[in-house]
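The structure under discussion appears below in the form of structure tokens.
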Protein chains: 2
Amino acid sequence: MAKENKTKYAILGVLSLKPASGYDIKKFCDETIAHFWQENYGHIYPVLKQLEEEQWVEKKTEISEGKLKHVYSITARGRERLVEWLSVQPEVTKPRYEFLLKMFFSKDIPAQMVIQRLNESKILCQSILKQYESMEQKIKMGLANKTCLESGWAYRYSTLRYGILDLKAKIAWCDETIALINRVSNQDEEEGL
Amino acid sequence: MAKENKTKYAILGVLSLKPASGYDIKKFCDETIAHFWQENYGHIYPVLKQLEEEQWVEKKTEISEGKLKHVYSITARGRERLVEWLSVQPEVTKPRYEFLLKMFFSKDIPAQMVIQRLNESKILCQSILKQYESMEQKIKMGLANKTCLESGWAYRYSTLRYGILDLKAKIAWCDETIALINRVSNQDEEEGL
DNA sequence: CGACCCATGTAAGCAGTTACATGATTGC
DNA sequence: GCAATCATGTAACTGCTTACATGGGTCG
């Protein structure tokens, strides 16, 4: 019943790269996979406890510089589960796009307001796209220097590429939608005269 | 605290078009906005009750052909709330893409399996794209016949266009990612020799 | 001395999903 | 007679979010 807990596998994935604490996991999510995945402490810590009970991960408590740190590492059993999960074709995610919901019902607000919102969205997308593209450049330079040729770079790179293609599509959509609404609302005015 | 209930506004939006029962609302979601929004009875009915208490909607009980039907219509107050919600720039949705999460951590499964999954995704996207494009054709024909020139068609049309551009981007991404993984795994083999 | 990062966790609570329960009508 | 569609709801449950609580270290 209800949805499957995907946080489990996200944590398992992060730990498959190297052992980490709850804090480290959160940081990794924010710094590296934030464009398609988010986690928060309120979910990470309880799920880590759960994973420990299921023996998918192991806890080691370290004390360095007076600071307490719980470092978790993936077990053999955990690695099996991870591979099992990786091997299953993911279900199609059916996200709920609030901005499209608003767009769909927007006839009751002024067209100029809708266009303004679209422009704001477009500008935001463009700025994120710039960031992604500079990340892409860095990866490409690294490749040229052969400094990041460990196995798996291509998978990580592809998720960035997804972000880039997705943003470009969104920007194109904003452009064509602005043009469409302008055309239609001008037409309405002419008919109104 | 917690997330805002967006179902409220989705229902309000549907009722702003015309009065409907819970059943009708569900049907509308499935038939018309399913590509970016889903609802289920387990949420619709309780939220309708809530909206009635807040006097955003009104209930009228009809009995036709022995069947009980609760028809809800939006009130003036409800329309105000809807316009208020429409006027606010939606937050950027940060969806969790399970397929990208898997992709990111895929180095532990065979490259050929990843490619197969990508191919399956691509084929699925293509078939949905075909459906969307035939819907688009119908709308365009309707426009030519001037049969659907009520205000607001452009907004609904734009949501379909979003679906189309999005799917095209996904298909392009599948293609380039398959090519990338093929290139990298061939390279690995050569180095292995 | 205040801001910021490191570090760990709990509690409350809503949103949303799935399964269950019920029954009439229509059409093959 | 059986499946599908119309029609309304409830119950149980989980996933995830947000706010709260706490405390040490570092740097300007």
Side-chain angles (χ1 to χ4, degrees), chain A residues 1-12 19-31 34 36-54 57 59-72 91-98 101, chain B residues 1-12 14 19-31 33-34 36-54 57 59-72 91-98 101:
Chain A
M1 212 200 269
K3 268 195 299 191
E4 229 213 320
N5 184 343
K6 287 168 191 168
T7 297
K8 271 158 85 158
Y9 296 102
I11 291 177
L12 224 46
S21 65
Y23 186 84
D24 297 332
I25 291 168
K26 169 82 164 106
K27 208 178 160 196
F28 182 88
C29 291
D30 289 346
E31 287 174 356
F36 62 89
W37 203 262
Q38 313 82 43
E39 290 294 348
N40 49 56
Y41 295 126
H43 213 195
I44 289 173
Y45 286 112
V47 171
L48 269 173
K49 197 178 277 179
Q50 207 182 307
L51 289 175
E52 202 193 347
E53 280 163 23
E54 293 176 282
V57 304
K59 180 162 80 174
K60 270 177 197 156
T61 304
E62 284 178 12
I63 300 167
S64 61
E65 296 149 26
K67 268 180 269 179
L68 182 81
K69 198 169 176 175
H70 298 308
V71 180
Y72 293 87
E91 294 161 66
V92 183
T93 40
K94 296 176 277 177
R96 300 169 97 190
Y97 289 113
E98 195 184 359
L101 189 67
Chain B
M1 210 200 268
K3 267 194 299 189
E4 228 213 320
N5 183 344
K6 287 167 191 168
T7 297
K8 270 158 87 158
Y9 297 102
I11 291 177
L12 224 47
V14 176
S21 65
Y23 187 83
D24 296 333
I25 291 167
K26 169 79 165 109
K27 209 178 160 196
F28 182 87
C29 290
D30 289 345
E31 287 173 356
I33 58 176
F36 62 89
W37 203 264
Q38 313 81 42
E39 292 294 347
N40 49 56
Y41 295 126
H43 213 195
I44 290 172
Y45 286 113
V47 171
L48 269 173
K49 197 179 276 181
Q50 204 182 310
L51 289 175
E52 201 194 349
E53 278 161 26
E54 294 177 281
V57 305
K59 180 161 81 172
K60 271 177 195 156
T61 304
E62 284 179 10
I63 300 168
S64 61
E65 297 148 25
K67 267 180 272 180
L68 182 81
K69 199 172 176 173
H70 298 306
V71 180
Y72 293 87
E91 293 160 69
V92 182
T93 40
K94 297 176 276 177
R96 299 169 99 191
Y97 289 113
E98 195 184 0
L101 189 67

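Chain A is the first sequence line, chain B the second, and so forth, proteins listed ahead of strands; every chain is numbered from 1.
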Legend entry - Whole-Å gap separating C1' (C:dC6) and CD (A:E62): 14 Å
Legend entry - Five-pair end axes of the helix from C:dC1-D:dG28 to C:dC28-D:dG1, angle between them (10°): 30°
Inset, instruction - Establish, with yes or no, whether the OP1 or OP2 oxygen of D:dT14 is under 4.0 angstrom from a side-chain nitrogen or oxygen of A:N5. - result: no
Inset, instruction - Report the C-alpha distance between B:D30 and B:K27 in whole Å, list the side-chain angles of each, state the deciding distance to 0.1 Å, and finish with yes or no for side chain to side chain contact (heavy atoms under 4.5 Å, CB included). - result: CA-CA 5 Å; B:D30 289 345; B:K27 209 178 160 196; 5.8 Å; no
Inset, instruction - Check the pair A:K26 / A:F28 against side chain to side chain contact (heavy atoms under 4.5 Å, CB included), numbers first and verdict last. - result: CA-CA 5 Å; A:K26 169 82 164 106; A:F28 182 88; over 6 Å; no
Inset, instruction - Answer yes or no: is there a side-chain heavy-atom contact under 4.5 Å between A:V71 and A:D24? - result: no
Inset, instruction - Give A:K26 one of three labels, base, sugar-phosphate or nothing, depending on what nucleic acid heavy atoms sit under 4.0 Å from its own. - result: nothing
Inset, instruction - Would you tell me if any nitrogen or oxygen in the side chain of B:Y23 comes within less than 4.0 Å of OP1 or OP2 on D:dT8? - result: no
Inset, instruction - Compare side-chain N and O positions of A:K49 against OP1 and OP2 of C:dT10 and report whether any pair is under 4.0 Å apart. - result: yes
Legend entry - Under 4.0 angstrom between B:N40 side-chain N/O and C:dT17 OP1 or OP2: yes
Inset, instruction - Establish, with yes or no, whether the OP1 or OP2 oxygen of C:dG9 is under 4.0 angstrom from a side-chain nitrogen or oxygen of A:Y41. - result: no
Inset, instruction - Could you check how far NE2 of B:H70 sits from C1' of D:dA7, rounded to whole Å? - result: 9 Å
Legend entry - Carboxylate-amine/guanidinium contact B:E98 A:K6, below 4.0 Å: yes
Inset, instruction - Please determine if a side-chain N or O atom of B:Y45 lies less than 4.0 Å away from the OP1 or OP2 oxygen of D:dT8. - result: yes
Inset, instruction - Side-chain contact test, heavy atoms from C-beta onward, threshold under 4.5 Å: evaluate it for A:Y9 versus A:E4 and give yes or no. - result: yes
Inset, instruction - Output yes when B:E39 and A:R96 qualify as a salt bridge under the 4.0 Å nitrogen-oxygen rule, no when they do not. - result: yes
Inset, instruction - Please report, rounded to the nearest Å, how far the C1' atom of D:dT18 is from the CD1 atom of A:I44. - result: 14 Å
Legend entry - Distance in angstrom units between A:L68 CG and D:dG23 C1', rounded: 12 Å
Inset, instruction - Using heavy atoms to find the nearest nucleotide of DNA chain D for B:D24 and B:G42 separately, return the residue whose nucleotide is more 5′. - result: B:D24
Inset, instruction - Would you please confirm or rule out a distance under 4.0 Å between OP1 or OP2 of D:dC6 and any side-chain N or O of B:K27? - result: yes
Legend entry - N/O (side chain, B:R96) to phosphate O (OP1/OP2, D:dC16) under 4.0 Å: yes
Inset, instruction - Provide, to the nearest angstrom, the distance between the CG atom belonging to A:D30 and the C1' atom belonging to C:dC5. - result: 13 Å
Inset, instruction - Output yes when at least one side-chain N/O atom of A:K6 is less than 4.0 Å from OP1 or OP2 of D:dC16, else no. - result: no
Inset, instruction - Quick one: do B:K3 and B:E91 satisfy salt bridge (Lys or Arg N to Asp or Glu O under 4.0 Å)? Show the steps, please. - result: CA-CA 12 Å; B:K3 267 194 299 189; B:E91 293 160 69; over 6 Å; no
Inset, instruction - Taking only the side-chain nitrogens and oxygens of B:K69, find out if one of them lies under 4.0 Å from OP1 or OP2 of D:dA7. - result: yes
Inset, instruction - Check whether the side chains of A:H70 and A:S21 place a donor and an acceptor atom closer than 3.5 Å, and report yes or no. - result: no
Legend entry - Residue-phosphate contact under 4.0 Å: A:H43 side-chain N/O, D:dT14 OP1/OP2: no
Legend entry - Whole angstrom value for the distance that separates P of D:dC16 from NZ of B:K94: 14 Å
Inset, instruction - To the nearest Å, give me how far apart CG (A:L51) and P (D:dG15) are. - result: 12 Å
Inset, instruction - Kindly say if A:T7 contacts the phosphate of D:dC16, meaning a side-chain N or O under 4.0 Å from OP1 or OP2. - result: yes
Inset, instruction - Round to the nearest Å and state the distance from A:K8 atom NZ to D:dC16 atom P. - result: 11 Å
